[in-house]
Structures are given as C-alpha cells and as structure tokens.
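Note sheet for the following structure.
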Amino acid sequence: MTEPTLHLPPDLQQELADLADATGRRPEDIALDAVRHRVQKEASPVRVTAELLADAHADLLRRLGQ
C-alpha cells in the first residue's frame with residue numbers, strides 16, 4: 001500500500017510541528033489520530049442510516065438475495 005501524502009499550509013504544518021514537539025509525539029502520529037477521529041465521527045451517522053435503511057427494506061433485500 002502506498003503512503004498518503006498530506007499537504008498542509010505552512011502555518012498549520014508549523015502548528016502541527018509545535019504540538020508534536022510539546023507533546024513528545026511525531027507529527028505523523030498526531031495526524032493519524034486526527035484522521036481516525038474524523039473517520040469514526042463521520043462513519044457513525046452513516047452506519048446508523050445504512051442500518052435504518054436495511055431494516056426498512058429487509059424484506060426486499062431478502063428477496064433480492066434469493
């Protein structure tokens with residue numbers, strides 16, 4: 001798998017570097033945590049909606065699966 005490249009504006013890159021320095025962490029680790037948090041936050045409502053749709057159309061989905 002290829003590594004994604006994150007292009008940040010210079011001011012945000014500096015803030016990330018400062019935060020990493022202040023917390024003793026690598027900038028990559030802080031960015032990874034931020035991405036994980038955002039994906040979990042966005043995925044939760046999407047998952048709920050998908051489950052509601054699947055429940056509402058369970059009979060149709062069962063018939064299509066046969």
Side-chain angles (χ1 to χ4, degrees):
M1 175 167 49
T2 59
E3 297 274 332
T5 301
L6 184 61
H7 297 283
L8 300 174
D11 59 327
L12 187 54
Q13 189 170 359
Q14 185 59 54
E15 288 184 52
L16 178 59
D18 291 345
L19 179 60
D21 187 48
T23 59
R25 300 175 66 201
R26 296 180 324 145
E28 297 87 347
D29 294 333
I30 294 171
L32 179 59
D33 286 349
V35 170
R36 279 190 178 132
H37 176 77
R38 181 60 183 257
V39 168
Q40 289 170 351
K41 180 181 174 184
E42 297 288 331
S44 181
V46 169
R47 188 176 307 109
V48 168
T49 300
E51 289 171 357
L52 288 172
L53 286 170
D55 288 345
H57 301 286
D59 186 50
L60 173 62
L61 292 171
R62 259 191 306 281
R63 285 185 279 143
L64 288 172
Q66 291 180 352

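Both backbone and side-chain heavy atoms feed into the values below; hydrogens, waters and symmetry mates do not.
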Do Leu53 and Leu61 belong together in a cluster built from hydrophobic side chains that touch within less than 4.5 Å?
no
Could you state whether Val46 and Leu52 fall into the same hydrophobic cluster, counting links through intermediate Ile, Leu, Val, Met, Phe, Trp or Tyr residues with side-chain heavy atoms under 4.5 angstrom apart?
no
Report yes or no: does Ser44 contribute a side-chain atom to a donor-acceptor pair with the main-chain N or O of Gln40 at less than 3.5 Å?
no
pair Asp18-Gln14: side-chain heavy atoms closer than 4.5 Å
yes
Enter the distance from [X]:[atom1] to [Y]:[atom2] here, rounded to the nearest 0.5 Å.
X	Y	atom1	atom2	value
Asp11	Leu16	CG	CG	11.5 Å
His57	Arg62	NE2	CZ	13.0 Å
Leu32	Arg25	CG	CZ	9.0 Å

Between Ala31 and Leu6, which heavy-atom pair has the shortest distance, and what is it?
CB-CD2, 4.2 Å
With sequence neighbours excluded, tell me which residues meet side chain to side chain donor-acceptor pair (under 3.5 Å) with Arg26.
Asp29
